[in-house]
A.B. asks: 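So that we are looking at the same thing, I have put the structure below in C-alpha cells.
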Amino acid sequence: MCGIIGYIGKKPATPFLISGLKRLEYRGYDSAGICVLENGALEIIKEEGPIKMLEAELANKILNSTIGIAHTRWATHGRPNKINAHPHFDCQKKIAVVHNGIIENFQALKVLLESEGHKIISETDTEIIAHLIEKFYVDNLEKAVTETIKCLEGTFGLAVMCATEHKIIVARRGSPLILGIGENETFVASDASAIIEHTQQVIYLKDNEIAILSEDGYSLKNINGELLTGETQEIKWTIDEIEKGGFKHFMLKEIFEQPKTIANTLRGRVNNGSIKLSVNLDPKKVDKIIITACGTSWHSALIGKYLIEKIVGLPVEVDYASEFRYRNPIIGPNNLLIVISQSGETADTLAALKEATNCETLGIVNIVGSTISREVKSGIYLHAGPEIGVASTKAFTSQVTSLILLALYFEEQISGEVDRELINELESIPQKIQSILDNAKEIKAISQNFIGSHNSLYLGRGINFPVALEGALKLKEVSYIHAEGYPAAEMKHGPIALIDENMFVVFVVNHGPIFEKVISNIQEVRARGGRIITITDMDNEVIKKLSDYVIMVPSVSEELSPLVNIIPLQLLAYYVADLNGVNVDKPRNLAKSVTVE
Ligand code: F6R
C-alpha cells in the first residue's frame, strides 16, 4: 500500500511530514523516509522499521526547509531495508521520488536505463522512476515527470522534488493521492488522515493528472499539459473514520477492498493469456506437493489441493503446520513444500518449513521480507496490502488467487498448454466480487436473525468444503458464536443429531454434479427444523422453498467459486459480530500474528 505525504508552504516541513507519516502508518511500516531541500541540496533521511525509528534519527537534526516529501513503505519490490526505503534519488542526487503502487514494466526500464549508464542501487521499482526523470530532465521538472509517466505501466501515486526547483510535482494513476489546500501552504497525501489536522479543503486527483505545488499554491494539468480546474471538496470525516476509509472497522474495510486486492495479486502475472510467476523451480521434476499452514491459510491450502490436483494432476497433501512438524513427515527430494502465511511469521509454519531440508520450498506470503519469505527457495507475494483486522479476509482471497495462478503456471510449464478460458474468467473475478459487495445491505439484514444464536453449522462440498470451514472460522472468531464447518455429506454421520429449530445451518452450493446431492442435505436439515441460509449461484425454486434465506452469488467455474462464495460469509460474520457488540478488529484472545508455538 505505502503512504505518501508532502508539504510546501512557509513553515518548517519536517513536523508536518512526521505527523502525516504517523497517520499513514497503517498503510505500511517496513521503512520510512523524508526528503527536504536544505541550502539548495536535497537531503534524504530514511530508516528501516516503523516511523519511530525515523523520528529518532531526525531528533538530532535541525531541518528548516519549508518543502518536503515523505513515505512510509509497504514493501512490494525488494526487501524492507534502508536501501529500498523511499525517497529514492537519481544518479546525481538532484531528483527525489516517493511512490505508492507497482510499476509493471520496471525490469525492462531498468535494463534500458542501465544500458544508458544509470546506476540503480536498490531493488525497488520506484528508483527507476527517479532515473527516468533524470533522463528526461532538461530544466523543467514538470515536463520531465510528464514524459516519465508516459513510459510507466502499472500504478503510481508519485511526489517528486528537484534540487534546483522549489516545487513538488505530483502525479497519479491507480494509486490514491489528494491535495490539501491550506492558507499559504499546500499538502499532498495518500489519504486525508495525514492532513485533516491542517486543512479540510481537498482535491482528489484523478488518473493521469499532474499537480504542480509551489509556494504560491497549486495548478493541475492533464498528461497533455492542459490546465484543469480541480474540484475542491470539504472533508467532514474524523481521523479515525478516514484511516478506515469511512468503514466502521478495518475488517469491513478489508472485506470491501477485495476487488482491488485480488486485482493486485493478479497484476503483472497474466500476460496475453499466459501466467508469469518468478518461481525458481521446474514443476516437471516435482512428484508430490505438500502444503502446510495454519488457520485461514490452512483453508486456502485445502482449496489449493483441490485446484492443483484438478488442474495439474499432481498429488497434494495438506497438513496443519503444527501437526506436520511433529509427525515425522516423509519428504522426498522431488517433493515441493508450499507454505502459506499472511504474516510470514507464524511460528508453527516457520518450524514446518524447517523440516524441508531436502526438497524445493515455495512460500505464499503477504508481508515482504518476513521470515518465511526469506527462508523459502521461491515464492509468490500476495500484494494484498497490510491486513490490520485480526480476522483474515483479503489475505484469504489473495492466497486462493495465488494458488489458482500457481496451478495454471504449473499446467503451462508441464503440458505447454493452459486453460485460457479460466484465466479470462479469473480476471473478471474482482468485478463479480464487487457485485456481491454492492448487495451487502441484504446480508446485513439477514445477519439480524443470528442474534441470540449459540450454534451454527456450515456445510459445503468439494472445493467449497474449505469455504464452509473458513466461513465457520470467521463467525466464531469475531462473534463468539459456536460454528462448525463440515462436508455436507458427512452431516448425516453425526452432526445431524445437533439440528433443531435453534440451529442455524449455512449451505454453500454451486451448480455442478453435486448440486442435487446438496439439495438432499438441505432437505434433511429442513425436515429437522433447522434454520437455513443458502449461498448459491442457482436461481432454483427448491432451494428458495427449503431455505429461510438465500444469498445469490455470480455464477463462475467451480475452480473460482471459493472466491465469490466466501464474500457473503465474511460479511455475515462481520455483521453478526458487530450487532453483538464485539470489537471486530480485536476479538478477545486472538493475535494477528501467532509467533509462539
Ligand atoms: C483467521 C486468522 C488466523 C490466521 C493464522 C495463520 O482469521 O487470521 O487463523 O490465518 O493464524 O496466520 P498466517 O497466515 O499469518 O500464518
Side-chain angles (χ1 to χ4, degrees), residues 74 249-255 257-258 261 265 291-304 318-325 337-354 361-376 379-403 458 466-481 483-485 562 566-567 569-574 576-577 582-597:
W74 170 258
H249 293 101
F250 279 110
M251 181 181 175
L252 190 61
K253 174 175 178 252
E254 286 159 7
I255 293 173
E257 268 174 11
Q258 290 175 103
T261 48
T265 305
I291 317 182
T292 184
C294 301
T296 289
S297 301
W298 181 75
H299 297 151
S300 305
L302 291 175
I303 294 170
V318 176
D319 228 328
Y320 283 116
S322 52
E323 292 297 314
F324 180 76
R325 50 182 300 206
L337 180 78
I338 301 179
V339 287
I340 307 179
S341 174
Q342 186 284 129
S343 60
E345 302 294 350
T346 300
D348 284 321
T349 312
L350 191 56
L353 175 62
K354 293 201 168 129
T361 57
L362 185 145
I364 298 180
V365 172
N366 195 29
I367 307 262
V368 177
S370 56
T371 313
I372 291 177
S373 76
R374 282 185 273 119
E375 302 230 338
V376 285
I380 303 174
Y381 280 123
L382 302 182
H383 298 319
E387 193 179 60
I388 294 168
V390 165
S392 187
T393 52
K394 62 178 181 174
F396 174 75
T397 45
S398 282
Q399 287 166 348
V400 174
T401 305
S402 303
L403 286 158
Y458 281 63
V467 173
L469 289 175
E470 175 60 8
L473 179 65
K474 286 290 90 84
L475 187 78
K476 63 186 144 196
E477 272 183 299
V478 294
S479 75
Y480 315 146
I481 294 174
E484 224 175 309
I566 193 61
I567 307 295
L569 300 183
Q570 293 171 342
L571 286 168
L572 198 63
Y574 171 79
V576 172
V582 175
N583 178 357
V584 182
D585 284 334
K586 291 204 167 57
R588 69 183 180 207
N589 308 338
L590 295 177
K592 183 68 192 153
S593 181
V594 186
T595 53
V596 290
E597 289 178 28

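Keep in mind the model is a prediction, meaning the values are calculated, not measured. Every number for a ligand or one of its atoms is a count from 1 in the order of the listing.
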A.B. asks: Would you say L362 and V376 make side-chain contact, with heavy atoms under 4.5 Å?
C.D. replies: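 A side-chain contact is absent here, since even the closest heavy-atom pair is not under 4.5 Å.
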A.B. asks: Within the 4.0 Å heavy-atom shell around K474, which atoms of ligand 1 are there?
C.D. replies: 1 (C), 7 (O)
A.B. asks: Of Q399, Q342, K474, E477, which is the lone residue that meets side chain to side chain donor-acceptor pair (under 3.5 Å) with T296?
C.D. replies: K474
A.B. asks: Between T349 and ligand 1, is there a nitrogen or oxygen pair with a distance under 3.5 Å?
C.D. replies: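 It does not: no N or O of T349 is found under 3.5 Å from an N or O of ligand 1.
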A.B. asks: Numbering the atoms of ligand 1 from 1, which are under 4.0 Å from a heavy atom of S297?
C.D. replies: 10 (O), 13 (P), 14 (O)
A.B. asks: Counting heavy atoms only, name the option from S392, C294, S341, G344 that's nearest to atom 6 (C) of ligand 1.
C.D. replies: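 Nearest option to atom 6 (C) of ligand 1, by heavy atoms: C294.
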A.B. asks: Counting C-beta onward and ignoring hydrogens, is there a side-chain heavy-atom pair between I340 and W298 closer than 4.5 Å?
C.D. replies: no
A.B. asks: Hey, looking at atom 16 (O) of ligand 1, which of T393, I340, T346, V365 has the closest heavy atom?
C.D. replies: T346
A.B. asks: Could you tell me, atom by atom, which parts of ligand 1 come under 4.0 Å of a heavy atom of E477?
C.D. replies: 1 (C), 2 (C), 7 (O)
A.B. asks: For residues A352 and L337, report the shortest heavy-atom separation together with the two atoms involved.
C.D. replies: O-CD2, 4.0 Å
A.B. asks: Please report the closest heavy-atom contact between C294 and T346, naming both atoms and the distance.
C.D. replies: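 What the structure gives for the nearest pair is SG-CG2, 3.8 Å.
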A.B. asks: Numbering the atoms of ligand 1 from 1, which are under 4.0 Å from a heavy atom of V390?
C.D. replies: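 Here the atoms of ligand 1 in question are 8 (O).
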A.B. asks: For E345 and ligand 1, answer yes if some heavy atom of the residue is under 4.0 Å from a ligand atom, otherwise no.
C.D. replies: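 Not so, E345 does not reach ligand 1.
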A.B. asks: Under 4.0 Å from a heavy atom of A391: give me the atoms of ligand 1 that qualify, with their elements.
C.D. replies: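 Near A391, the atoms of ligand 1 are 7 (O).
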A.B. asks: Would you mind listing which atoms of ligand 1 come within a distance below 4.0 Å of any non-hydrogen atom of T296?
C.D. replies: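 Matching atoms, with element in brackets: 1 (C), 2 (C), 7 (O), 9 (O), 10 (O).
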A.B. asks: Evaluate the side-chain proximity of H299 to L473: yes if any heavy-atom separation is below 4.5 Å, no if none is.
C.D. replies: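 L473 reaches H299 side chain to side chain.
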A.B. asks: Do V478 and Y574 have side-chain heavy atoms sitting under 4.5 Å apart?
C.D. replies: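 Side-chain contact under 4.5 Å: no.
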A.B. asks: Name the residue from E387, E254, Q570, E257 that meets the side chain to side chain donor-acceptor pair (under 3.5 Å) definition with K394.
C.D. replies: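 Testing each of E387, E254, Q570, E257 against K394, the sole residue satisfying side chain to side chain donor-acceptor pair (under 3.5 Å) is E257.
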A.B. asks: Check each atom of ligand 1 against the heavy atoms of Q342 and keep those under 4.0 Å away; list them by number with element.
C.D. replies: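 Here the atoms of ligand 1 in question are 13 (P), 14 (O), 15 (O), 16 (O).
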A.B. asks: Atoms of ligand 1 less than 4.0 Å from S343 heavy atoms?
C.D. replies: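 Under 4.0 Å from S343, ligand 1 has these atoms: 13 (P), 15 (O), 16 (O).
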